[in-house]
Amino acid sequence: MPNDPTDFYALHELLSPEERQVQETVRRFVDEEYLPQVRKHFEAGTFPTELIPELGALGCLGPTVPTEYGGGGLGSVCYGLMAQELERGDSGLRSAASVQSSLVMYPILTFGSEEQKRRWLPEMARGTAVGCFGLTEPDYGSNPGGMITRARRERDGFVLNGTKRWITNGSIADVAIVWAKLPDEDGRDVIRGFLVEKEREGFERPLMHGKWSLRASITSELILEDCWIPEENLLPKSGNLKSPLMCLTQARYGISWGAIGAALACYECALDYSKSRVMFSRPIGGYQLVQSKLVGMMAEITKAQLLSWRLGRLKDEGRMTPEQVSLAKMNNVSQALGIARTARDILGANGITDDYPIMRHMMNLETVNTYEGTEDIHRLTLGRALTGLNAFE
Ligand code: TGC
Ligand code: FAD
């Protein structure tokens with residue numbers, strides 16, 4: 001075989017020794033520690049919380065955060081490869097790590113005070129504290145700028161009221177970053193980020209039930225009813241919708257890599273199966289139609305790998321744009337979902353069982369295609385960039 005079917009363009013040659021080592025280490029952890037238990041958790045609708053400190057020890061929590069705050073001080077391709085390997089296990093595992101790294105540690109690092117950074121970042125990097133990110137509301141998903149959650153100034157602090165929904169890690173988080181509207185000195189509403197610790201009065205975090213997707217992940221509501229927090233819990237440098245959107249750009253970058261992991265798991269499974277499953281006179285992989293499907297999967301994985309790798313290099317050079325991230329998130333997740341469906345087809349009836357990981361990945365990818373900006377939202381973001389005409393108004 002002249003080419004590795006999972007790395008057709010020899011991408012590993014574009015990685016540094018450190019990047020390769022990070023990838024191998026996380027891959028081993030997923031194979032040895034996570035995959036043996038994922039079926040149990042997916043069936044029960046639970047997340048293996050005891051693995052969170054292990055993710056910390058592996059460096060998967062805040063890998064790009066500077067070492068002075070307990071982070072890994074690594075580059076963006078390392079972060080991407082971690083996301084890829086975690087999601088090869090399950091999107092729920094990658095979600096737990098990417099929320100912590102990109103949606104909680106990143107805003108604390110970027111918009112937080114020195115005290116907030118020292119208080120939370122080292123513990124979060126170790127996985128001894130967990131965070132969540134509350135932006136979406138029941139009536140404001142794709143359009144978070146319309147959020148209803150509000151803060152008002154009271155008793156040297158703020159009183160928060162509102163409901164956030166679909167919040168990953170909400171029920172297990174020690175602290176939530178809650179985005180809410182606060183009037184400025186001129187009475188104009190400005191979206192600000194607030195740190196709300198789990199024990200605050202007036203703060204409930206009920207678990208959401210009934211998901212067919214991302215079952216091995218905690219998803220919760222955050223309910224704030226006259227919840228008072230002190231002045232020092234405001235993220236002082238946050239301001240306007242741009243702040244949470246900047247966080248989303250970080251997370252979407254990681255998701256573009258993560259989706260490749262899920263796609264690889266499905267594709268490798270289908271490729272193996274096609275060589276051993278005999279129907280009519282030969283292994284089904286010997287039929288032209290099946291080969292065409294396998295080649296289509298491999299081609300899309302190869303393109304996705306190159307997109308994310310290039311994006312990572314641009315990110316480290318400080319040249320990555322949100323629109324480039326939209327393209328990679330939209331393309332890679334949508335292609336991964338298509339690959340999962342095709343892989344399921346190649347396995348026939350066996351493909352719908354939990355003896356194989358495909359259906360689990362397929363169901364997960366339905367969420368991944370929706371959260372962090374739906375496929376439509378990224379398409380419209382790109383359409384706006386190309387034409388200069390804003391479809392969101
Ligand atoms: P718009 O006028 O476009 O933007 C307002 C300001 O923000 C800037 N901006 C961005 N900055 C950084 N990164 C981005 N991706 C940015 N997008 C926009 C923009 O330049 C502007 O700046 P300024 O200086 O002019 O003020 O705002 P809009 O209201 O028109 O909304 C645009 C839209 C629809 C693209 C945005 O609202 C959007 O992205 N909607 C999708 C919502 C979303 O993705 N929610 C995700 C929730 S979190 C989640 O799903 C976590 S899942 C985690 C897991 O389990 O892994
Ligand atoms: P809607 O915005 O109601 O969209 C419904 C449909 O309408 C979609 O197809 C969409 O593309 C389409 N649509 C919307 N507007 C337009 C338009 N202008 N033009 C064309 N089509 C349009 N959020 C958080 O804040 N934190 C989290 O940790 C988090 N974790 C999540 C975990 C899970 C398991 C899930 C499922 C979601 C999570 N989310 C989280 C929420 C997620 O970000 C939202 O679901 C997502 O942004 C879409 O919002 P919505 O579900 O309200 O869909």
Side-chain angles (χ1 to χ4, degrees), residues 6-30 55 58-66 71-106 109 125 246-265 267 300-336 339 361 364-365 368 371-373 378:
T6 62
D7 185 13
F8 206 67
Y9 270 26
L11 189 75
H12 67 277
E13 291 174 11
L14 300 175
L15 303 178
S16 68
E18 182 181 58
E19 288 163 344
R20 277 182 235 166
Q21 201 200 330
V22 160
Q23 180 176 15
E24 275 164 32
T25 307
V26 179
R27 179 171 283 229
R28 202 172 319 117
F29 162 79
V30 168
L55 286 173
L58 277 173
C60 290
L61 305 177
T64 61
V65 166
L74 296 171
S76 299
V77 171
C78 279
Y79 173 44
L81 288 163
M82 286 175 179
Q84 176 183 300
E85 294 309 320
L86 294 175
E87 197 147 355
R88 204 174 58 79
D90 192 272
S91 303
L93 183 62
R94 194 270 306 138
S95 267
S98 56
V99 166
Q100 181 97 333
S101 303
S102 292
L103 295 183
V104 182
M105 296 177 76
Y106 171 82
L109 182 71
M246 285 167 67
C247 306
L248 298 184
T249 292
Q250 309 304 311
R252 291 165 176 172
Y253 162 76
I255 289 174
S256 83
W257 282 91
I260 299 169
L264 279 169
Y267 161 68
E300 291 307 333
I301 286 171
T302 304
K303 288 188 261 179
Q305 286 169 328
L306 289 166
L307 269 189
S308 287
W309 174 82
R310 174 68 180 146
L311 199 56
R313 293 288 183 249
L314 287 172
K315 190 171 192 302
D316 281 341
E317 288 167 20
R319 295 198 290 143
M320 180 185 86
T321 67
E323 289 78 16
Q324 289 170 335
V325 178
S326 279
L327 178 63
K329 196 274 181 182
M330 176 187 79
N331 178 78
N332 293 9
V333 179
S334 158
Q335 292 303 330
I339 286 167
H361 282 296
N364 284 340
L365 287 164
V368 182
Y371 69 23
E372 293 282 1
H378 290 295

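The structure displayed is predicted, hence computed values, not measured ones.
- Using a 4.5 Å heavy-atom cutoff, the side chains of Lys315 and Val77 are not in contact.
- By the 4.5 Å heavy-atom criterion applied to side chains, Asn332 and Trp257 are not counted as neighbours.
- For the pair Glu85 (side chain) and Thr25 (backbone), a donor-acceptor distance under 3.5 Å is absent.
- The two residues Ala251 and Glu372 make their nearest non-hydrogen contact at CB-OE2, 3.1 Å.
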Exercise for review: Please test Ile301 against Thr6 for side-chain contact (heavy atoms from CB on, under 4.5 Å), starting from the C-alpha separation and ending with a verdict.
Suggested key: CA-CA 8 Å; Ile301 286 171; Thr6 62; over 6 Å; no
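- Going from atom CG of Leu81 over to atom CG of Leu11 covers 8.0 Å, rounded to the nearest 0.5 Å.
- Here the closest heavy-atom approach between residue Ser101 and residue Pro63 is recorded as OG-CD, 3.6 Å.
- Residues Gln100 and Leu55 fail the side-chain proximity criterion, which asks for heavy atoms closer than 4.5 Å.
- Distance OH/Tyr9 to OG1/Thr302: 7.0 Å, rounded to 0.5 Å.
- Considering all non-hydrogen atoms of both residues, Leu58 and Met82 come closest at O-CE, 4.4 Å.
- Atom CZ of Arg252 sits about 12.5 Å away from atom CE of Met330, to the nearest 0.5 Å.
- Taking every heavy atom of both residues into account, Leu103 and Cys247 meet most closely at CD2-O, 3.6 Å.
- Here the CD-CZ distance, from Gln324 to Arg310, works out to 8.0 Å after rounding to the nearest 0.5 Å.
- When all heavy atoms of Tyr79 and Ser102 are compared, the pair lying nearest together is OH-OG, 2.6 Å.
- For the residue pair Leu61 and Met105, the shortest heavy atom distance occurs at C-SD, 4.0 Å.
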Practice item. Just do the side-chain contact (heavy atoms from CB on, under 4.5 Å) check on Leu307 and Ser256 with the steps written out, would you? Key: CA-CA 9 Å; Leu307 269 189; Ser256 83; over 6 Å; no
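- Residues Tyr253 and Met320 have side chains in contact (heavy-atom distance under 4.5 Å, counting atoms from C-beta outward).
- Rounding to the nearest 0.5 Å places CD1 of Ile255 at 7.5 Å from CD of Glu87.
- Of the possible donor and acceptor atoms, none in the side chain of His361 sits under 3.5 Å from a partner among the backbone N and O of Gly261.
- Annotation for Glu323: atom CD counts as buried by contact number, over 12 foreign heavy atoms lying within 6.0 Å.
- Side-chain contact check for Ser95 versus Tyr371: some heavy-atom pair is nearer than 4.5 Å.
- Using a 4.5 Å heavy-atom threshold, the side chains of Asn364 and Asp90 count as touching.
- Under a 3.5 Å cut-off, the side chain of Arg88 and the backbone N or O of Leu264 do not form any donor-acceptor pair.
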Practice item. Please report the C-alpha distance between Glu300 and Lys303 in whole Å, then the side-chain angles of each, then the deciding distance to 0.1 Å, and finally whether the salt bridge (Lys or Arg N to Asp or Glu O under 4.0 Å) criterion is met. Key: CA-CA 5 Å; Glu300 291 307 333; Lys303 288 188 261 179; 3.1 Å; yes
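- Expressed to the nearest 0.5 Å, how far OH of Tyr106 lies from CG of Leu248 amounts to 10.5 Å.
- Using a distance-only test at 3.5 Å, with no hydrogens or angles considered, no donor-acceptor pair links the side chain of His12 to the main chain of Arg20.
- Put simply, the side chain of Lys329 does not reach to within 4.5 Å of the side chain of Leu311, judged on heavy atoms.
- Under the 4.5 Å side-chain criterion, counting only non-hydrogen atoms from C-beta, Val368 is in contact with Arg94.
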